[in-house]
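Read the structure below first, then the notes.
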2 protein chains.
Amino acid sequence: MEMVARLAGVSQVSVSRALNHPDKVAPETLARIQEAIRATGYVPNLVAGALASRRSGIIAALIPSITNLTYSSFLRPFIEATRLAGYQVILAETGFSPDDEQIMVQSLLSRQPEGMLLTGVHHSSECRRMLLGSGLPVVEVWDESETPIDVCVGFSHWEAGRAVARYVQKKGYTRAAVITAGDMRALRRKDAFAAELTSLGYPSPPVVSFDTPASIANGRDGLKQLLENGFSNGVISCSSDLLAHGVMIEAQARGLTIPGEIAVIGFSDQDFAAHTFPSLSTIRVDRLSLGRRAAEALLARIAGKPAETRRVDVGFEMIERESA
Amino acid sequence: MEMVARLAGVSQVSVSRALNHPDKVAPETLARIQEAIRATGYVPNLVAGALASRRSGIIAALIPSITNLTYSSFLRPFIEATRLAGYQVILAETGFSPDDEQIMVQSLLSRQPEGMLLTGVHHSSECRRMLLGSGLPVVEVWDESETPIDVCVGFSHWEAGRAVARYVQKKGYTRAAVITAGDMRALRRKDAFAAELTSLGYPSPPVVSFDTPASIANGRDGLKQLLENGFSNGVISCSSDLLAHGVMIEAQARGLTIPGEIAVIGFSDQDFAAHTFPSLSTIRVDRLSLGRRAAEALLARIAGKPAETRRVDVGFEMIERESA
DNA sequence: ATGAAAGCGCTAACAT
DNA sequence: ATGTTAGCGCTTTCAT
């Protein structure tokens, strides 16, 4: 910066100003400085800038899994929206473990981020304490909370589970089952589904639960297990479209008709859900909007705006297609 | 840090030492300092540390798309491996655009990263120039290059395309077609496939190419287009497992048998490929190993080790399953 | 083994 | 509109 300044015949401060507050520099000086920057190929040092200004321009994001579309599909618009606001994102993967999450939060905090995105609302108490104590703007996404750390953008997994149960009744199915991943939010939907079914007069549905990440393989295996345990002629509610797709493939391999013999409902409306054969009935969650609104909410908090709305509900929608 | 020092009855420097070089501090003093850190809830400021030490502990990673498993599946082990070495990753998404990539590289460079991961080997010349000029350790992945910027970990897309063609011949198919995404690497495989087929005496295969991201919907549409143009009783080489899966679904919807009437070959062996019905023949690329080795290579360069191997070929493998 | 001094490259008051 | 001065919170010599 000193070099650029000499080349432009100004002081080093003026270069800094030209970069950060170009309106506070005479147009002609500005041009000279910009030319000098070009000539020298000067690259500003944001680390030094961050230290001096106490604004790191960094946002930390923690998601359970990068390779899981559920999460990467809201992370993408989040990164994009924060980038347009001048922020860069440091990403960490928690693998669904609150303990690892806590360690990562701690380590990320030392980067002096200006905000943080957390997936879900279940964190270790130490983690909550650190975040609360730091006063850092935090947005929790993909779930809803009565007591968010700061702001929360998501939807009610409980209500989503109930909505599926009501849909099952509306469509007149008499038998129902569940195939689910083992994460807290999926299990909550499963519990709500079972509770609502029961209150509608159904027997408690058989449940197959997997601790491994949701996959087509698990979906196939899940249907196999249900059939072996005597399940037939009913609807299966899956905790993800991927599991549902697996169920469809297994049904097809066994020559079972869908939705005639086995009906299937997915969750989240991934882009392929409309294009399976038959097309997949599912719960749609607008992850693009969720990512954007999470960014908006966090940026507002960083800008110091009062958090009038600490809880944003992006809702969900039951999508009726052919599979159930 | 000053506070911690006072509490432990030492100087601020000793606290810094206790954190960075614990072996250079008397065990008893170390214990006192650690206790003081715990008591105060002190969180080190890595921004200041980075400025003073000139080591940011940051690695920048650029991938075309976060929501595309092709890329996120090598990014994951890369992030994990670099994390274990004490680094944090700033992620940026280029959307397949070399121009955007260049802008992002420039903006990322000002974070003083210690290394950078780039996807592919095709970059704007300005981008290459900046990186070369900066002397920053760079690893280019998912492709191979005669002239890497620094080090390169990938495989030959040309050879992969040829391998598929030879497989097609070996299996005795007489008609072949291609459905491909529009990115440079997929197109290169397509060209190699067509060239090899031709040299084996086949006619030039019909090609359907999509500019949108590979998807099941595109796969279905691709088969539809091929059939409308008179293609039948042959094998279709797809640039991704997702496209291949779409082809299988469309075939099923039309009552075409696989591989009898339509045979399908995918690319990359995503986890579902072994679990479709019928299972999907494909080219396997070990993305876990690729991510790890990219991290290894980059960390070695950061550690200043001479780059004896500037080019690492992780290879690929033709996986024979039922679909072709 | 520990401390004192200097400075990393920049920004934010405060002058002029 | 521009420059001067004083740090930001740490790490790194260098001394003791």
Side-chain angles (χ1 to χ4, degrees), chain A residues 1-37 40-58 86-88 106-114 134 136 304, chain B residues 1-37 40-58 86 88 106-114 134 136:
Chain A
M1 201 174 238
E2 198 74 56
M3 279 196 52
V4 173
R6 266 201 295 274
L7 218 163
V10 295
S11 80
Q12 172 262 328
V13 212
S14 291
V15 179
S16 169
R17 242 189 306 253
L19 255 18
N20 301 305
H21 312 283
D23 51 307
K24 290 189 189 300
V25 170
E28 191 236 282
T29 331
L30 185 59
R32 246 180 24 248
I33 294 177
Q34 284 167 340
E35 176 47 34
I37 289 177
T40 52
Y42 168 71
V43 176
N45 183 332
L46 282 192
V47 174
L51 179 61
S53 68
R54 293 132 170 282
R55 308 205 324 100
S56 66
I58 290 283
Y87 289 90
Q88 284 166 345
Q106 184 152 27
S107 131
L108 288 167
L109 279 177
S110 52
R111 292 281 172 197
Q112 314 294 114
E114 294 184 49
S134 72
L136 188 72
Chain B
M1 202 176 236
E2 200 74 58
M3 279 196 53
V4 173
R6 268 200 296 274
L7 219 164
V10 294
S11 80
Q12 171 264 329
V13 209
S14 292
V15 179
S16 169
R17 245 192 301 258
L19 253 19
N20 301 305
H21 313 282
D23 51 307
K24 291 191 187 301
V25 170
E28 191 236 280
T29 330
L30 185 60
R32 243 176 29 246
I33 292 176
Q34 282 168 341
E35 174 48 31
I37 288 176
T40 52
Y42 168 71
V43 176
N45 182 333
L46 282 192
V47 174
L51 180 61
S53 68
R54 291 128 171 283
R55 307 203 329 99
S56 66
I58 291 282
Q88 282 165 346
Q106 183 152 27
S107 133
L108 288 166
L109 280 177
S110 51
R111 292 284 172 195
Q112 315 294 113
E114 295 184 47
S134 73
L136 188 72

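Below, all heavy atoms of this structure are taken into account, side chains as well, without hydrogens, waters or symmetry copies. Sequence lines set the chain letters: A, B, ... in the order given, protein chains first and strands last, and positions in each chain run from 1.
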- M1(B) CE - dG3(C) P separation (whole Å): 13 Å

- Item | Under 4.0 angstrom between H21(B) side-chain N/O and dA1(C) OP1 or OP2 | no

- What is the nucleic acid contact for E2(A), judged by heavy atoms within less than 4.0 Å: base, sugar-phosphate only, or nothing? nothing

- Query: What is the nucleic acid contact for V10(B), judged by heavy atoms within less than 4.0 Å: base, sugar-phosphate only, or nothing?
  - Reply: sugar-phosphate

- Item | Trace of the side chain to side chain contact (heavy atoms under 4.5 Å, CB included) decision for N45(A) with Q112(B) | CA-CA 7 Å; N45(A) 183 332; Q112(B) 315 294 113; 3.4 Å; yes

- Note on the structure: Comparing T29(B) with G49(A), nearest DNA chain C nucleotide closer to 5' gives the residue T29(B)

- Task: Kindly indicate, with the supporting measurements, whether the criterion side chain to side chain contact (heavy atoms under 4.5 Å, CB included) is fulfilled by L19(B) and I37(B).
- Result: CA-CA 10 Å; L19(B) 253 19; I37(B) 288 176; 3.5 Å; yes

- Rounded to whole Å, CZ of R54(B) lies from P of dG9(C) at a distance of 4 Å

- Task: Could you state the atom-to-atom distance from CG of L46(A) to P of dC10(C) in whole Å?
- Result: 9 Å

- At what distance, to the nearest 0.5 angstrom, does CZ of R17(B) lie from CG of L30(B)? 12.0 Å

- Query: Just the endpoints, please: which first and last nucleotides of DNA chain D, 5' to 3', lie under 4.0 Å from a heavy atom of chain A?
  - Reply: dA1(D) to dG9(D)

- Note on the structure: In whole angstroms, the gap separating C1' of dT11(C) from CG of N45(A) amounts to 12 Å

- Query: Do any pairs count as a side-chain hydrogen bond (donor to acceptor under 3.5 Å, both in side chains) and have a residue in residues 4-15 of chain B, sequence neighbours left out, and if so which ones?
  - Reply: none

- Rounded to whole Å, CZ of R55(A) lies from P of dC10(C) at a distance of 17 Å

- Item | Distance below 4.0 Å between S53(A) side-chain N/O and dT11(C) OP1 or OP2 | no

- Could you state the interatomic distance from CZ (R111(A)) to OG (S56(B)), rounded to the nearest 0.5 Å? 6.5 Å

- Query: Does E35(A) CD have over 12 foreign heavy atoms under 6.0 Å away?
  - Reply: yes

- Taking every non-hydrogen atom, the tightest pair across P113(A) and L136(A): O-CD1, 3.0 Å

- Message: Over the length of the helix from dA1(C)-dT16(D) to dT16(C)-dA1(D), how much do the five-pair end axes diverge, rounded to 10 degrees?
- Response: 30°

- Should Y42(B) and L7(B) count as side-chain neighbours, where that means a heavy-atom distance under 4.5 Å? no

- Separation of dG3(C) C1' from R17(B) CZ (nearest whole Å): 7 Å

- Does S11(B) make a side-chain N or O approach to OP1 or OP2 of dT2(C) shorter than 4.0 Å? no

- Message: For V13(A) and D23(A), find the nucleotide of DNA chain D closest to each by heavy atoms; which residue's nucleotide sits nearer the 5' end?
- Response: D23(A)

- Query: Going by heavy atoms in the side chains, are I58(A) and V47(B) under 4.5 Å from each other?
  - Reply: no

